[in-house]
Protein chains: 2
Amino acid sequence: MAGEELVFKVKADLLKSLAHPSRLAILEYLKKKEASVGEMVIKLGIEQSGLSKHLSVLKQSGILSSRQEKVTVFYSVRDKDIFVVLRTISEILMKKFREGEYLLQHLARAKP
Amino acid sequence: MAGEELVFKVKADLLKSLAHPSRLAILEYLKKKEASVGEMVIKLGIEQSGLSKHLSVLKQSGILSSRQEKVTVFYSVRDKDIFVVLRTISEILMKKFREGEYLLQHLARAKP
DNA sequence: ATTTTATATGAGGATATTATCATATGTTCA
DNA sequence: TGAACATATGATAATATCCTCATATAAAAT
């Protein structure tokens, strides 16, 4: 694989690890503080086994880290810059939908 | 689907549309100027049919827009903020790999 | 020692994504 | 008109991702 292609692949892999609704919910939940798997099972309503796998995806990609205390595993966000990515995504979507509303309103008015 | 879940789904869909090496290559190519499909087939070395589908994914998700001139279709980036996302992704990866190098060097030194 | 608790993992099928090939569509030009 | 060109689309097969269920692991409590 050519050098640049490898770079694109690595970036795409990181984006892929973000690109799932449950994983976005996890990240939002971990924005302010670390949390254990059990806590997230309850608060996010994701089934234990699935949650564990999503956490593992986020850890493999370097977005989360974990520490263990007795039997409990706590996950936390490794690099807060990930939230810059997510906030920008939100802004892009908000702009887009605002344009959509604008268009809708003006199309409706132009009807007759 | 609950309101918040829908929001996560919409964000995840946008991230998914970014999460492919060819599509990242397309976006980088379109960073400075619009380009036609034919031009990108040549410069990016992606096969015509596949490229057309990747462009369609990016257009559906609102990242690209297109205009037609005779038979030629030109694509361009609709909201430059998408590059904020990509730059931040790069920065996160660079930090991560620098940490990796650092660790490697110190592990090597601590060997004996 | 056995049971309970917290988390991770493996197997299976269901669904989604991708690549490729062939073909369709629409436009220009001879 | 019909050949050539630029792009899009459909079908299919290959691959990847996801969900769920069952079970594994490992520490704690009884």
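Here is the naming used below: chain letters follow the sequence lines, and residue numbers restart at 1 for every chain.
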Under a 4.0 Å N-O cut-off, is there an ion pair linking B:K95 with A:D79?
yes
Check whether B:Y29 forms a cation-pi arrangement with B:K32 (NZ or CZ under 6.0 Å from the six-membered ring centre, at most 45° off the ring normal).
no
Along DNA chain D (nearest heavy atom to each residue), the more 5'-positioned of A:H20 and B:V73:
B:V73
Tell me what A:S56 touches on the nucleic acid: a base, only sugar-phosphate, or nothing, going by heavy atoms under 4.0 Å.
nothing
Separation of B:I42 atom CD1 from D:dA6 atom P, in whole Å?
9 Å
Measure the distance from NZ on A:K70 to C1' on D:dA29 and round it to the nearest whole Å.
11 Å
For A:K80 and A:K31, indicate whether the former's side chain and the latter's backbone hold a donor-acceptor pair under 3.5 Å.
yes
Between B:S36 and B:K16, which residue's closest nucleotide on DNA chain D lies nearer the 5′ terminus?
B:S36
Would you classify A:T72 as touching base, sugar-phosphate or nothing, given that sugar-phosphate means primed atoms plus P, OP1 and OP2, and contacts are heavy atoms under 4.0 Å?
sugar-phosphate
In whole angstroms, how far is the C1' atom of D:dT17 from the CZ atom of A:R23?
9 Å
Would you say the side chain of A:S49 and the base of D:dC19 hold a donor-acceptor pair, judged only by whether the two atoms sit under 3.5 Å apart?
no
Could you tell me the boundaries of the chain B footprint on DNA chain C, defined by atoms under 4.0 Å from its heavy atoms?
C:dT17 to C:dT28
If you count heavy atoms of other groups shown closer than 6.0 angstrom to CD of B:E34, is the number above 12?
yes
B:Q48 (side chain) and D:dA8 (base): donor-acceptor pair under 3.5 Å:
yes
Atom pair distance, as rounded to whole Å: CG in B:D13 and P in D:dC18
12 Å
Atom pair distance, as rounded to whole Å: CD in B:E47 and P in D:dT9:
15 Å
Of B:H54 and A:Y75, whose nearest nucleotide on DNA chain C comes first from the 5' end?
A:Y75
Roughly how many Å is it from CZ in B:R67 to P in D:dA6, rounded to a whole number?
16 Å
Spacing of CG belonging to B:L14 relative to OG1 belonging to A:T88, to within rounding of 0.5 Å
11.0 Å
Distance in angstrom units between A:L51 CG and D:dC21 P, rounded
16 Å
Step through the shown structure and confirm whether more than 12 heavy atoms of other residues, nucleotides or ligands are within 6.0 Å of NZ on B:K70.
no
Should the side chain of A:K53 and the base of D:dT20 be counted as holding a donor-acceptor pair, with the cut-off at 3.5 Å?
yes
What contact category does A:F74 fall into here, base, sugar-phosphate, or nothing, at under 4.0 angstrom with non-hydrogen atoms?
nothing
Scan A:Q68 against the nucleic acid and name what it touches under 4.0 Å (heavy atoms): base, sugar-phosphate only, or nothing.
nothing
Is there a donor-acceptor contact under 3.5 Å from the side chain of B:R23 to the main chain of B:L58?
no
